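Chain letters run A, B, ... following the sequence lines, proteins first, then strands; residues in each count from 1. None of the values given here were measured: they were computed from a predicted structure.
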Amino acid sequence: MPELPEVETVRRGLEPVLVGRRIARVDLARDGLRFPFPKSFAARLEGTTVTGLSRRAKYLIASLSSGESWLIHLGMTGRFTIVAPDGRPQGLGEFYYETAADAAARGPHDHVVIDLDGGWRLIYADPRRFGIMDLIVSGNEGRHVLLDHLGIEPLGNAMNAENLAMAFAGKKAPLKAALSDQKIIAGLGNIYVCEALFRAGLSPLKPASSLVTKAGAPRVGLERLVQAIRAVLTEALAAGGSTLRDYAGADGVAGQFQQRFDVYDREGSPCKRAGCGGTVRRHVQAGRSTFYCPRCQR
DNA sequence: ATAGAGACCTGTGTGC
DNA sequence: TGCACACAGGTCTCTA
């Protein structure tokens, strides 16, 4: 589900509730999600205080006073809901929180329930169970087998044409695949890859190497692509992400960016580029739908 | 080395 | 209404 803008939206929603609070109790409804939970998972969370909540690519990382870190990936359908002590959260501005009464009935996909000091509760639900939760042991700060091979953070300083040129040089894989590859750029998914390629006017079928000169320098198209990725992620973030089906921020508010898709899920609709007149097409690449306008994406 | 398919799960929408 | 099938925001593992 969630790509970078959605995960970051969830992080921002969870941060004011989670950070600085002690985890009082953890209730696990099953042994794991995509992978089994680590040994003594609940016991190692209980009694610790969350000291920070950061994001790397599509992963959330909560630092704990125990020295360990709690690693979370939302998979396709992972979702956090915050339950306020009395349904009237204080000092959290526009955020909406589900009330205790609303959340009284535990859903069939509520796999992890975390009670925080002060009566706050976090519920992690995940129908497809592609999500991941693990612990990073003390001293291994930020290091985990799932994090070690992640590539460039797309909103960070390393996201530039020179670095992408290095990664794309000699790559025969189509742009769609190269941008979806978390080892190259970490955080894009099916939606934002399609949207960024549209904005850059690049065909998803083009080999990644075609954006790099023989000498290894970025071509103009690659410069455009870098700007397009940055722009689409920034705008999506400002809109609170995209809600297709079940995604919502931790505050329960649905994202709004899906209303601004240029190509994603718009098969058969007219291209939105002024003067193009083309029709958005769906094309299956590596088992995933790619949406693009064959007329203006070359 | 690397591109593609299959796998992991459940829910939803579509067409017959 | 029921049923079969395609498809969904991800990514690891296996195969050519």
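- Counting to the nearest Å, the P atom of C:dC12 and the NZ atom of A:Lys183 are 8 Å from each other.
- Within the structure, a side-chain polar atom (N or O) of A:Lys171 is placed less than 4.0 Å from OP1 or OP2 of B:dA3.
- Side-chain nitrogen and oxygen atoms of A:Thr77 include none within less than 4.0 Å of the OP1 or OP2 phosphate oxygen of B:dG11.
- Classification of the A:Tyr59-A:His73 ring pair by plane angle, with boundaries at 30° and 60°, yields perpendicular.
- Nearest nucleotide to the A:Pro174 side chain, out of C:dA8, C:dC12, B:dG4: B:dG4.
- In this entry the distance linking CZ of A:Phe168 with C1' of B:dA3 reads 15 Å, nearest Å.
- Of the P atoms belonging to C:dC3 and B:dC9, the separation is 24 Å, rounded to the nearest Å.
- No side-chain N or O of A:Ser209 forms a donor-acceptor pair with one of A:Lys171 less than 3.5 Å apart.
- When each of A:Arg128 and A:Gln182 is assigned the nucleotide of DNA chain C bearing its nearest heavy atom, the one mapping closer to the 5' terminus is A:Arg128.
- For A:Ser289, taking side-chain heavy atoms from C-beta onward, the closest of the listed nucleotides C:dA8, B:dG4, C:dC12 is C:dA8.
- Neither OP1 nor OP2 of C:dG9 sits under 4.0 Å from any side-chain N or O of A:Arg79.
- Taking atom CZ of A:Arg55 as the reference point, atom P of C:dG10 lies 14 Å away to the nearest angstrom.
- In this entry C:dG9 has no Watson-Crick or G-U wobble partner, no candidate having both defining distances under 3.5 Å.
- Using a 4.5 Å heavy-atom threshold, the side chains of A:Thr279 and A:Glu267 count as separate.
- Inter-residue side-chain proximity for A:Gln297 and A:Val263 is flagged as met; some heavy-atom pair is nearer than 4.5 Å.
- Here the P atom of nucleotide C:dT11 and the CD atom of A:Gln285 are 17 Å apart, to the nearest Å.
- For the pair A:Leu74 CG and C:dT11 P, the interatomic distance rounds to 10 Å; values are reported in whole Å.
- Within the nucleic acid shown, A:Ile132 has no heavy atom closer than 4.0 Å to any nucleic acid atom.
- Ionic pairing of A:Arg44 and A:Glu68 is present here: one or more N-O contacts between side-chain nitrogen and carboxylate oxygen are shorter than 4.0 angstrom.
- Across the protein-nucleic acid pair, A:Asp134 atom CG and C:dC12 atom P stand 13 Å apart, rounded to whole Å.
- Applying the 4.0 Å criterion to OP1 and OP2 of B:dT10, one finds that A:Arg129 has a side-chain N or O inside that range.
- When each of B:dG4, C:dA8, C:dG9 is scored by its nearest atom to the side-chain atoms of A:Arg282, the top-ranked nucleotide is C:dA8.
- Considering only side-chain N and O atoms, A:Arg288 lies nowhere under 4.0 angstrom from the phosphate OP1 or OP2 of B:dA5.
- For the residue pair A:Ser242 / A:Tyr192, a side-chain donor-acceptor distance below 3.5 Å is found, with atom types taken as modelled.
- The ring of A:Phe130 lies on top of the base of B:dC8, close enough and flat enough: under 5.5 Å between centres, under 30° between planes.
- Proximity of A:His149 to the phosphate of C:dC12: no side-chain N or O atom is located under 4.0 Å from OP1 or OP2.
- When distances run from any side-chain atom of A:Phe35 to the nucleotides C:dC12, C:dG10, B:dG11, the shortest one goes to C:dC12.
- Looking only at atom types and distance, the side chain of A:Arg298 has no donor-acceptor partner in the side chain of A:Ser203 under 3.5 Å away.
- For the P atoms, the distance linking C:dA6 with B:dA5 amounts to 16 Å, nearest Å.
- In this model, the phosphate group of C:dG10 is not approached by any side-chain N or O of A:His73 to a distance below 4.0 Å at OP1 or OP2.
- The nearest whole Å value for the distance from the CG atom in A:Asp181 to the C1' atom in C:dG10 is 13 Å.
- Between A:Lys58 and C:dG10 there is a side-chain N or O to OP1 or OP2 distance below 4.0 Å.
- Rounded to whole Å, atom C1' of C:dA8 lies 9 Å from atom CG of A:Asn190.
- In this structure C:dG2 sits in a base pair with B:dC16, meeting the Watson-Crick or G-U test at under 3.5 Å.
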